[in-house]
Protein chains: 4
Amino acid sequence: MADPKTPEPTRRSERSRQAILTAAVELVGEVGYARLSVEAIAARAGVGKQTIYRWWPSKGAVVLDAFVELSGGSQPVALPDTGNLKADLREVLRATVKELTDPRFELPSRALTAESQMDPALSQQFVEAVLRPHLKALQERLRSAQRAGQVAKGVDLDVAVELFVGPLFHRWLLRTAPLTSAYADTVADLAIAALRPTARAGAPR
Amino acid sequence: MADPKTPEPTRRSERSRQAILTAAVELVGEVGYARLSVEAIAARAGVGKQTIYRWWPSKGAVVLDAFVELSGGSQPVALPDTGNLKADLREVLRATVKELTDPRFELPSRALTAESQMDPALSQQFVEAVLRPHLKALQERLRSAQRAGQVAKGVDLDVAVELFVGPLFHRWLLRTAPLTSAYADTVADLAIAALRPTARAGAPR
Amino acid sequence: MADPKTPEPTRRSERSRQAILTAAVELVGEVGYARLSVEAIAARAGVGKQTIYRWWPSKGAVVLDAFVELSGGSQPVALPDTGNLKADLREVLRATVKELTDPRFELPSRALTAESQMDPALSQQFVEAVLRPHLKALQERLRSAQRAGQVAKGVDLDVAVELFVGPLFHRWLLRTAPLTSAYADTVADLAIAALRPTARAGAPR
Amino acid sequence: MADPKTPEPTRRSERSRQAILTAAVELVGEVGYARLSVEAIAARAGVGKQTIYRWWPSKGAVVLDAFVELSGGSQPVALPDTGNLKADLREVLRATVKELTDPRFELPSRALTAESQMDPALSQQFVEAVLRPHLKALQERLRSAQRAGQVAKGVDLDVAVELFVGPLFHRWLLRTAPLTSAYADTVADLAIAALRPTARAGAPR
DNA sequence: AGCTAATCGAGACGGTACGTCAGGTCTTTAC
DNA sequence: GTAAAGACCTGACGTACCGTCTCGATTAGCT
């Protein structure tokens with residue numbers, strides 16, 4: 001009578017769930033995402049394939065869950081707000097660089113970003129679960145700066161956020177050049193300059 | 001001296017090469033990259049699978065070649081230089097947005113970007129063949145502006161370029177918000193503001 | 001303890017097994033053994049290739065099973081024993097000729113004989129499953145004749161059997177001359193003559 | 001102008017022909033007939049594939065030629081005729097056993113016998129080139145014996161020959177039991193007994 | 001505490017595609 | 001015009017996984 005697509009989550013085996021996510025993380029690290037197979041995850045986790053297919057729609061979804069689990073769930077991201085805008089943002093971008101180049105995170109992150117290209121649903125989840133919290137926090141800091149008069153009033157903060165994050169992401173994803181904390185500083189400074197409330201707002205003269 | 005794995009390219013059949021690239025483009029458009037198979041390309045092109053494996057190392061490499069062929073080879077990209085920096089860059093970014101959202105290009109672009117994550121060699125080729133020309137051209141325009149005193153002297157133009165391109169790319173790739181020409185304008189204006197030669201220059205102190 | 005390469009036969013699909021054997025027989029008849037492919041068998045049987053490879057080590061093994069199934073399994077072969085040795089053996093050899101020239105059996109028989117040359121394991125199975133029962137039955141009849149004094153006491157019946165069967169087989173396999181029931185009679189008569197208890201064998205003069 | 005199927009044999013390269021046959025023999029010995037490929041023969045012989053296909057219709061034909069070359073061409077087979085029929089025939093059958101079990105000959109012989117099953121044309125050539133001379137010689141010896149009154153007059157010598165050869169061949173091909181010279185002796189004695197001109201014999205009148 | 005129904009491990013199944021091997025044809029260059 | 005070389009189309013190989021589908025054997029939650 002119940003929708004066959006929605007199994008009872010009450011009966012779900014937590015043991016299996018954990019084993020699957022752990023196996024997924026391990027295997028992504030060992031063989032990479034492309035050569036990762038549901039079969040291998042099931043075997044490593046000591047689990048029937050059906051148990052995976054019952055609870056996740058795709059390989060990507062499993063890896064996403066595993067990744068979220070790994071990065072400590074959806075805990076709200078806290079950014080420093082010392083009043084010193086430049087210092088705060090430099091620190092944030094440096095932290096971002098550190099995370100993007102952390103070997104534990106890099107492989108699954110790239111895999112999920114790649115997979116997101118082909119699977120909009122996964123993309124949505126990925127962005128919401130992993131990315132959005134960071135962007136939101138950054139935006140919050142900028143809003144605070146805007147209230148303090150350090151950022152021009154007319155600036156769209158959605159865009160502003162991407163001014164900081166976009167360049168880092170671009171370099172990371174396309175490997176056009178090494179991604180260093182020096183680069184993070186430069187980007188932070190330039191983006192802050194773009195937002196400063198000179199003459200007639202942030203728009204160029 | 002010669003690598004035994006690399007066959008003589010003199011004997012190569014141009015007819016087959018073209019048929020393969022055409023078939024690849026068509027099929028990426030029809031079924032998407034994920035469901036694209038070497039087998040299907042060979043069948044569509046009326047070609048033996050071996051002929052593909054003889055000349056390309058992977059599915060991604062074929063699609064990359066096909067994509068380069070499609071976008072008119074490695075012709076040098078020409079940017080407008082009217083003297084009006086803001087107008088020129090707005091036009092460039094608008095053109096970039098148009099290309100990224102052009103249905104003919106979007107699918108293969110996303111596919112190649114995704115595939116590049118898992119295959120650094122492909123990534124390298126992709127960036128050099130497709131991306132670098134655009135970035136170089138943009139950089140050239142900024143250099144011209146720098147000479148004209150519209151951009152602060154100390155600014156690293158490699159970074160500056162990414163200030164323009166990064167946000168667009170970020171939004172396109174992660175689908176955090178719609179990618180419009182209005183957005184292109186906003187990014188252009190903000191990035192130009194970041195670079196303008198103020199009192200203390202745009203470069204980090 | 002269990003061989004990991006041998007899957008549980010309890011879960012085996014009888015439907016698939018039958019379909020595969022039937023398809024194999026049909027296809028051997030249609031295209032011959034040399035042009036018979038596992039792929040074609042799988043396609044005709046509506047079965048995945050893996051299902052064939054799971055249960056049989058080679059094309060030859062499938063055809064052997066199919067052939068055994070076709071000739072009614074390993075039912076014990078019954079030979080006539082009317083007391084009239086010459087009549088009985090003529091009948092047996094004529095039946096053998098008939099089977100060797102029966103179009104339904106000839107092709108697979110030749111194929112299996114040929115394949116056996118290259119694959120000793122298959123050879124073993126083929127001989128045991130198909131040939132041995134016939135030889136055993138023939139030997140039994142000769143033993144009975146030996147007890148009745150129609151065959152010399154000292155004769156090795158293993159050899160005697162081949163005296164009857166060898167010539168037929170030789171002619172069938174090498175096509176040195178047509179294989180007819182007249183030939184069967186001649187061979188039967190000569191072989192019986194070879195075995196008869198002579199003056200010096202201690203038999204009645 | 002000439003039939004494209006029959007190239008000019010005058011221009012044929014003897015060097016290539018020899019190299020091909022040598023390579024074929026070597027490779028059959030190394031990898032067996034089943035895994036022998038025209039490609040490998042060509043490579044080993046330092047010859048283009050076309051050169052093989054130009055002069056031989058099939059892999060089997062090459063191996064047959066190679067085998068004939070190996071066994072010293074179609075030299076007429078000479079059998080002993082000492083007047084002692086039993087001694088002569090024992091010697092002949094022992095020689096046959098020796099040849100069938102000689103490792104240099106066994107593999108190609110089995111291969112050709114096997115291949116002959118699927119290719120009647122090859123079968124014909126094989127029998128004529130390799131087998132017939134032996135059978136003819138054996139038949140000659142029996143004819144001589146028939147003239148000397150050691151073999152009944154009415155016996156069909158074509159059949160008689162197979163009475164000697166058939167059992168050996170049967171045991172060799174089907175591996176029902178080891179093929180020894182003791183076996184050769186037994187068969188020789190029995191077959192001679194079958195042919196002897198006693199009382200009314202078992203042979204057809 | 002026992003019943004019953006869903007989930008579980010296991011793995012066979014029909015499939016698709018893989019990347020490789022070889023077949024036999026065709027084309028190019030050298031002799 | 002034969003030969004060496006080797007690219008080409010074709011077709012089959014045997015393998016890896018896909019996602020679906022039985023199987024008993026747990027294992028909950030409800031009676």
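Chain identifiers are assigned alphabetically (A, B, ...) following the order of the sequence lines, protein sequences preceding nucleic acid strands; residue numbering begins at 1 within each chain.
Nucleotide F/dG6 holds its P atom 12 Å from the CZ atom of B/Arg54, rounded to whole Å. The interatomic distance linking A/Ile52 (CD1) with F/dC17 (P) rounds to 13 Å, in whole Å. Atom pair B/Tyr53:OH and F/dT10:C1' shows a separation of 15 Å (rounding to whole Å applied).
Considering all non-hydrogen atoms of both residues, A/Ser58 and A/Asp119 come closest at OG-OD2, 4.4 Å. The shortest heavy-atom contact between A/Ala23 and A/Ile41 is CB-O, 3.9 Å. Taking every heavy atom of both residues into account, C/Gly48 and C/Ala42 meet most closely at C-CB, 4.2 Å. Between B/Ser16 and B/Thr51, the shortest heavy-atom distance links the atoms CB-CG2, 4.3 Å. Of all the heavy atoms in D/Ile52 and D/Ile20, the pair that sits closest is CG1-CD1, 3.8 Å.
Comparing the start and finish of the helix from E/dA1-F/dT31 to E/dC31-F/dG1, five pairs each, the helix axis swings through 20°, to the nearest 10 degrees.
Contact between the side-chain N/O atoms of C/Trp55 and the OP1/OP2 oxygens of E/dA12 is not found at any separation under 4.0 Å. At the phosphate of E/dG19, neither OP1 nor OP2 sits under 4.0 Å from any side-chain N or O atom of B/Trp56.
Between A/Gln125 and A/Val130, the closest side-chain pair of non-hydrogen atoms is not below 4.5 Å.
Within residues 10-21 of chain B, the residues approached by DNA chain F to less than 4.0 Å at the level of any non-hydrogen atom are B/Arg11, B/Arg12, B/Ser13, B/Ser16, in residue-number order. DNA chain F is contacted by B/Gly46, B/Val47, B/Gly48, B/Lys49, B/Thr51 of residues 23-51 of chain B, taking any non-hydrogen atom closer than 4.0 Å.
Within the structure, no pair that satisfies the ring pair (Phe, Tyr, Trp, His ring centres under 6.0 Å) test touches residues 7-54 of chain B, not counting sequence neighbours.
Applying the side-chain contact (heavy atoms from CB on, under 4.5 Å) test to A/Arg12 and every residue at least two apart in sequence or in another chain returns A/Arg17, A/Trp55, A/Trp56. Taking D/Arg44 as the reference, D/Glu26, D/Glu30 meet the side-chain hydrogen bond (donor to acceptor under 3.5 Å, both in side chains) condition, with sequence neighbours excluded.
Atom CD of residue A/Glu128 and atom CD of residue A/Gln124 lie 5.5 Å apart, to the nearest 0.5 angstrom.
Side chains of D/Glu115 and C/Gln117: no donor on one and acceptor on the other come within 3.5 Å.
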